[in-house]
> 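Handing you a structure now.
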Amino acid sequence: MEVIVKYNGDIIQAVERIGAQAELLSHQYAIVSIEESRLPELYGFTEIEDIELSKRLYIKLNYQLTSSCITSVQEKNSFHLLGKGTIAAIIDSGIDYTHVDFRSEDGSTRIIALWDQTIEGNPPDGFLEGTEYNREQLNEALDSPRPFTVVPSRDNLGHGTAVAGIAAGNGQASAGENRGAAPLCELLIVKVGQKGNDTFAQSTEIMRAVKYVTDKARMLGRPVAINLSFGMNNGAHDGQSLFEEYLTAMSSEWKSAMIIPTGNEGAAGHHYEGRITSDNPAEIAFFTASGIETFYLTLWKDFADSFAVELILPNGTSAGVVTLEDRRKQIRLGNLLITILYEQPTRYSVRQEIFINVQAQSGTIAPGAWLLRILPTRIVNGTFTVWLPTLEEVTAKTYFSRPTVNNTITLPATARKVIRVAGYNDRIGSIAPFSGVGRVNDPDGLPDIAAPAVNILAPRTGGGYDAFTGTSFAAPFVTGSALLMMEWAIVNGNAPFFYGERLRAYLRWGANRSVGLRYPNPTFGYGRLCLDNTLQLMQQYAI
C-alpha cells in the first residue's frame, strides 16, 4: 500500500530498514510504499511527523471563449496573446496525442513529454512507476502508420483530451475555429491511475504528477499552469489533510498556477450538516442506488465531543452501536462487511473523523433507505458534518433525504492557494446546478471564479469534437487564461513575478459581476471569468 508522510531527516534509509520504499516529493513530503502488515512500524520512526493513507479521486465526468473574454485577448489588434513560451500541464486521463489540435503546423507534436503512470517500463527519474515518453518518441509515433505501436498511451475516457483542448487546442481540426485559450503553448501530460482503472486516481498519484510537471517546468525555465480536474468527498473539506497541505505547498513552487474545479456535487445530495445536544440524538436518512458494491460515510466532528454511531440497514437490521472505545470495528451482516473507524485528530486539525465503509463481499449492496443514528455521549460543541461519495462513485440515486447544499466543493479544490473554478451556463448566465458550492460566510471556503461548464465543444479522442458538461471543463478555461496572463507578464517581460496568489488575485479582480448579487458568494465566487478585463487591469497596475 501507499501512504503520504511528512518527514524529517533521511526518510529513504529509515524506511528501507523495514523493506519499504520512499519517493521524495519535497524536503517535507514523501510517498512510502509498504506492506500493509508493517504499516504500524512507521509510527515509531522519529523521521516521520505525520502519516495519511492514500485516497481515490474521481474524474469529474458529466469554446465559450467569447463569453470568457478570451477571444478579444487573442486578437492581433488587442493583446495578441496565444500562450507562446508557456506550458499547460494536464494531469488527467491522458490525451489523444494523435489529434491534430495538439500538433504544430508541420505535424510535429506540441507535447514536451507524456508520463503514462499506467504503463510499466521506463518511469521518469526519481519515480518508480509508469513510462515517460519524450517529444522525439511522440514524433516518431506520429510519423508511423501505426502510432500506438510506438507510443501505446491512450486516453480511453476522452476526458483529458477534452480538458487539454479547451486549455490549449489550436483548432487545426476545424481550421482554427474551435481553438482553445492558449493555442501556441506547449503541453506536459500525465496520465494518472493504475492498471485497469481509468476513472479514478490515488491521491499519491496526483502528488507525483504535480511534482513531475513542476520540476519539468522549472528545468525548462518556463511558467506553467497545472490543471487538476479531479474530485472526491473523502475528507474534511477544510484544506487540512496531508494531501491538501502538499498541494498548497506546491502551489507556491516555481512560476506556476494550480487550477482545480469545484466539482459536480452541488445538487447531488451527498452532504449533510447537523447539530446534536446531550439529550437530542440525530437520525440521518439516506438512500443507496442499486448495483453499487461499496460506499462510505465520512463524519467529521469536534474531538471534544463523544458520539456513538449506529447504522440501520434497509431491511431494518442494526449494525450495532459503535463507540469511541471500539476504535475500529468490523461487522458482518449477510453479504456485507461494515467497517467503522474512529480516527485521531491530526497536527493540522482538532476535528475527528468517524469513517464508515460498507462493502459487498459478493454481488452488490441491496438498494433502499438507510438510517445513520448519532448518539450523544458527551457534548461540548455538537456540530457535525457528513459526506457520501461523489456522483462518479455512487450515482445520483444515492443521496441524503435532507441534504445540505453548502460546502459541496470537492477535494482537492479545498486546498489553500489553488484557483477554484465553479461552472456556469454562459447561455443563460446562471450557475450550473451541479457546480460545487462553497462555505457560506467563509471567504477562504468559496470558489474564486466561474467559467462555462455546459455543452462545451472540445476535442474528442479519435479526432473531431464533441460537447462536454461539468466543472472539469470549466477549469481549463481558467488554465488557458492563466497561461495568457503569464505570457504577457513573464514571457513578454512586463511583470516577471506574476504567478501564484498574485495571478489568482487579478483573476478575481477582473471578473464580471452581476448587479444584485453579493460578492464573493458561495456559487460564483468573485464572478464570471473575463480575461480581457483582467489583462486591462494588469496593464494598468501590474507593471
> Evaluate Leu114 against Asp116 for side-chain contact (heavy atoms from CB on, under 4.5 Å), listing each step before the verdict.
CA-CA 6 Å; Leu114 190 167; Asp116 191 325; 4.0 Å; yes
> Are the aromatic rings of Tyr212 and Trp115 close, with centres under 6.0 Å apart?
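Under 6.0 Å, so yes.
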> Side chains of Asn407 and His271, heavy atoms from C-beta outward: is any pair under 4.5 Å?
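Answer yes - side chains close enough.
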> Are side-chain N/O atoms of Arg179 and Gln74 paired as donor and acceptor at under 3.5 Å?
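Present: a donor and an acceptor within the cut-off.
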> Please tell me whether His159 and Phe468 form a close aromatic pair, meaning their ring centres lie under 6.0 Å apart.
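Not close enough - the centres of the two rings lie 6.0 Å or further apart.
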> Is it the case that the side chain of Ser26 and the backbone of Tyr29 share a donor-acceptor pair, with hydrogens and angles ignored and the cut-off at 3.5 Å?
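Such a contact is found between Ser26 side chain and Tyr29 backbone.
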> Do you know which two heavy atoms are closest between Phe473 and Ala162, and how far apart they sit?
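In this case the closest contact between Phe473 and Ala162 is CE2-CB, 3.8 Å.
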> Tell me whether Arg402 at atom CZ has more than 12 heavy atoms from other residues, nucleotides or ligands lying less than 6.0 Å away.
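No, CZ of Arg402 has 12 or fewer neighbouring heavy atoms, counting only those of other groups under 6.0 Å.
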> Looking only at atom types and distance, does a side-chain atom of Thr131 sit under 3.5 Å from a main-chain N or O of Ile119, one as donor and one as acceptor?
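Yes.
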> The test is side-chain contact (heavy atoms from CB on, under 4.5 Å); show your working for Trp254 and Met219 and say whether it passes.
CA-CA 10 Å; Trp254 186 233; Met219 181 184 69; over 6 Å; no
> Show which side-chain atoms of residues 81-91 pair as donor or acceptor with protein atoms under 3.5 Å away, not counting sequence neighbours.
residue : atom : partner : partner atom : Å
Thr86   : OG1  : Gly83   : O            : 2.6

> Between Ile259 and Ala475, what is the shortest heavy-atom contact and its length?
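Answer, listing the atom of Ile259 first, then Ala475: CG2-O, 3.5 Å.
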> Enter the distance from Asp155:CG to Ser93:OG here, rounded to the nearest 0.5 Å.
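It comes to 3.5 Å.
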> As a quick check of understanding, evaluate side-chain contact (heavy atoms from CB on, under 4.5 Å) for Phe384 and Glu273, giving each step before the final call.
CA-CA 6 Å; Phe384 65 90; Glu273 290 182 358; over 6 Å; no
> If you look at every heavy atom in Thr395 and Ala289, which pair is closest and at what distance?
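Taking every non-hydrogen atom into account, OG1-CB, 3.4 Å.
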> To check you understand the geometry: which heavy-atom pair defines the closest contact between Leu247 and Ala415, and what is its length?
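Shortest heavy-atom separation between Leu247 and Ala415 comes out as CB-CB, 4.3 Å.
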> Once you round to the nearest 0.5 Å, how far does CD of Gln202 lie from NZ of Lys55?
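It comes to 11.0 Å.
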> Could you tell me whether Glu105 and Arg110 make a salt bridge, using a distance below 4.0 angstrom between a side-chain N and a carboxylate O?
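A salt bridge is absent here (no side-chain N lies under 4.0 Å from a carboxylate O).
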> When you measure from the side chain of Arg460 to the backbone of Tyr465, do you find a donor-acceptor pair of N or O atoms at a distance under 3.5 Å?
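Yes, the answer is positive, given that a donor and an acceptor are paired below the 3.5 Å cut-off.
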> Looking at Asn170 and Pro183, would you say the former's side chain and the latter's main chain have a donor-acceptor pair under 3.5 Å?
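Side chain of Asn170 to backbone of Pro183, a donor-acceptor pair under 3.5 Å: no, none is there.
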> What I'd like to find out is whether the side chain of Ile260 reaches to under 4.5 Å of the side chain of Val421, using heavy atoms alone.
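Contact flag for Ile260/Val421 side chains = no.
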> Specify the closest pair of heavy atoms between Gly107 and Leu142, including all atoms of both residues, with the distance to one decimal.
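Answer, listing the atom of Gly107 first, then Leu142: O-CD1, 3.8 Å.
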> Would you check if there is a donor-acceptor pair between the side chains of Asn512 and Asn533 at a distance under 3.5 Å?
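Yes, a side-chain donor-acceptor pair sits under 3.5 Å.
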> Please report whether the ring centroid of Tyr272 lies less than 6.0 Å from that of Phe286.
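Here the rings of Tyr272 and Phe286 have centres that are no less than 6.0 Å from each other.
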> Evaluate the side-chain proximity of Ile70 to Leu529: yes if any heavy-atom separation is below 4.5 Å, no if none is.
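Counting from C-beta outward, Leu529 and Ile70 do come under 4.5 Å.
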> So do the side chains of Arg208 and Glu23 get within less than 4.5 Å of each other, counting heavy atoms only?
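A side-chain contact exists here, since the closest heavy-atom pair is under 4.5 Å.
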> Taking the side chain as every heavy atom from C-beta outward, state whether Lys191 and Asp92 have any atom pair closer than 4.5 Å.
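The answer is no, as the side chains (C-beta and beyond) never meet within the 4.5 Å cut-off.
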> Less than 3.5 Å apart, any donor N or O on the side chain of Thr461 or Asp96 sitting next to an acceptor on the other?
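Side-chain D/A pair, Thr461 to Asp96: absent.
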> With side-chain contact (heavy atoms from CB on, under 4.5 Å) as the criterion, how do Leu535 and Tyr506 come out once you've worked through the C-alpha distance, each side chain's angles and the decisive distance to 0.1 Å?
CA-CA 9 Å; Leu535 263 296; Tyr506 270 85; over 6 Å; no
> Compare all side-chain heavy atoms of Leu507 with those of Asp448 and state whether any distance is below 4.5 angstrom.
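No, their side chains stay 4.5 Å or more apart.
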> State whether a side-chain donor-acceptor pair under 3.5 Å links Ser229 with Asn227.
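Indeed, the side chains of Ser229 and Asn227 share at least one donor-acceptor pair under 3.5 Å.
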> Do Ser72 and Glu75 have side-chain atoms, one donor and one acceptor, less than 3.5 Å apart?
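No, Glu75 and Ser72 have no side-chain donor paired with an acceptor closer than 3.5 Å.
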> Of the non-hydrogen atoms in Val213 and Leu188, which two are nearest, and what is the gap between them?
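For Val213 versus Leu188, the nearest heavy atoms are O-CD1, 3.8 Å.
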> With a 3.5 Å distance limit and no angle check, can you tell me whether His270 reaches the backbone of Pro389 through a side-chain donor-acceptor pair?
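Yes, because the side chain of His270 sits within donor-acceptor range (under 3.5 Å) of the backbone of Pro389.
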> Give a yes or no on whether the backbone of Thr390 and the side-chain of Glu393 come within a donor-acceptor separation of less than 3.5 Å.
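Checking the backbone N and O of Thr390 against the side chain of Glu393, a donor-acceptor pair under 3.5 Å is found.
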> Is there a donor-acceptor contact under 3.5 Å linking the side chains of Glu265 and Thr410?
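No, because no side-chain N or O of Glu265 sits under 3.5 Å from a partner of the opposite role on Thr410.
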> With a 6.0 Å cut-off on ring centres, are Trp387 and Tyr296 close enough?
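Distance test on ring centres: not under 6.0 Å, no.
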> Would you check if the side chain of Thr404 reaches a backbone N or O of Asn406 as a donor-acceptor pair within less than 3.5 Å?
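Side chain of Thr404 to backbone of Asn406: no pair is present.
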> Under 3.5 Å, is there a donor-acceptor pair linking the side chains of Ser514 and Arg528?
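Looking only at side-chain atoms, Arg528 and Ser514 do form a donor-acceptor pair, the distance falling under 3.5 Å.
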> How long is the straight-line distance from OG1 of Thr204 back to CZ of Arg56, given to the nearest 0.5 Å?
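The OG1 atom of Thr204 is 11.5 Å from CZ of Arg56, to the nearest 0.5 Å.
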> Cation-pi check, Arg154 to Phe148: give yes when NZ or CZ is under 6.0 Å from the six-membered ring centre and within 45° of the ring axis, no otherwise.
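Satisfied, under 6.0 Å and within 45°.
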> To the closest 0.5 Å, what do you measure between CG (Leu457) and CD1 (Ile166)?
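Here the interatomic distance stands at 9.0 Å.
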> Looking just at side-chain N and O atoms, do Glu353 and Thr298 make a donor-acceptor pair shorter than 3.5 Å?
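Per modelled atom types, Glu353 and Thr298 side chains form a pair under 3.5 Å.
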> Less than 3.5 Å apart, any donor N or O on the side chain of Ser430 or Asn425 sitting next to an acceptor on the other?
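Ser430 vs Asn425: no donor-acceptor pair found between side chains.
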> Can you pull out every side-chain hydrogen bond (donor to acceptor under 3.5 Å, both in side chains) where at least one residue sits in residues 241-251? Sequence neighbours excluded, please.
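Only Ser241-Glu244, Glu244-Thr414, Glu245-Arg416 qualify under side-chain hydrogen bond (donor to acceptor under 3.5 Å, both in side chains).
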> Taking Arg420 for the side chain and Ile449 for the main chain, is one N or O donor matched with an acceptor at less than 3.5 Å?
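It does not hold such a pair.
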> When you compare the side chain of Ile111 with that of Arg135, does any pair of heavy atoms fall below 4.5 Å?
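Not touching, per the 4.5 Å side-chain cut-off.
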> Ignoring hydrogens and geometry, is there a side-chain-to-backbone donor-acceptor pair from Asn492 to Asn494 under 3.5 Å?
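Side chain of Asn492 to backbone of Asn494: no pair is present.
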> If you round to the nearest 0.5 Å, how far is CD1 of Ile409 from CZ of Arg439?
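Spacing of CZ (Arg439) from CD1 (Ile409) equals 7.5 Å.
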> With no hydrogens and no angle check, is any side-chain donor or acceptor of Thr408 less than 3.5 Å from a backbone partner on Val405?
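Between the backbone of Val405 and the side chain of Thr408 there is a qualifying donor-acceptor contact (under 3.5 Å).
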> Could you check whether any side-chain heavy atom of Met207 comes within less than 4.5 Å of a side-chain heavy atom of Ile4, counting everything from C-beta outward?
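Yes, at least one pair of side-chain atoms sits under 4.5 Å.
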> Look up atom OH in Tyr526 and atom CZ in Arg508, then write down how far apart they are to the nearest 0.5 Å.
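The CZ atom of Arg508 is 4.0 Å from OH of Tyr526, to the nearest 0.5 Å.
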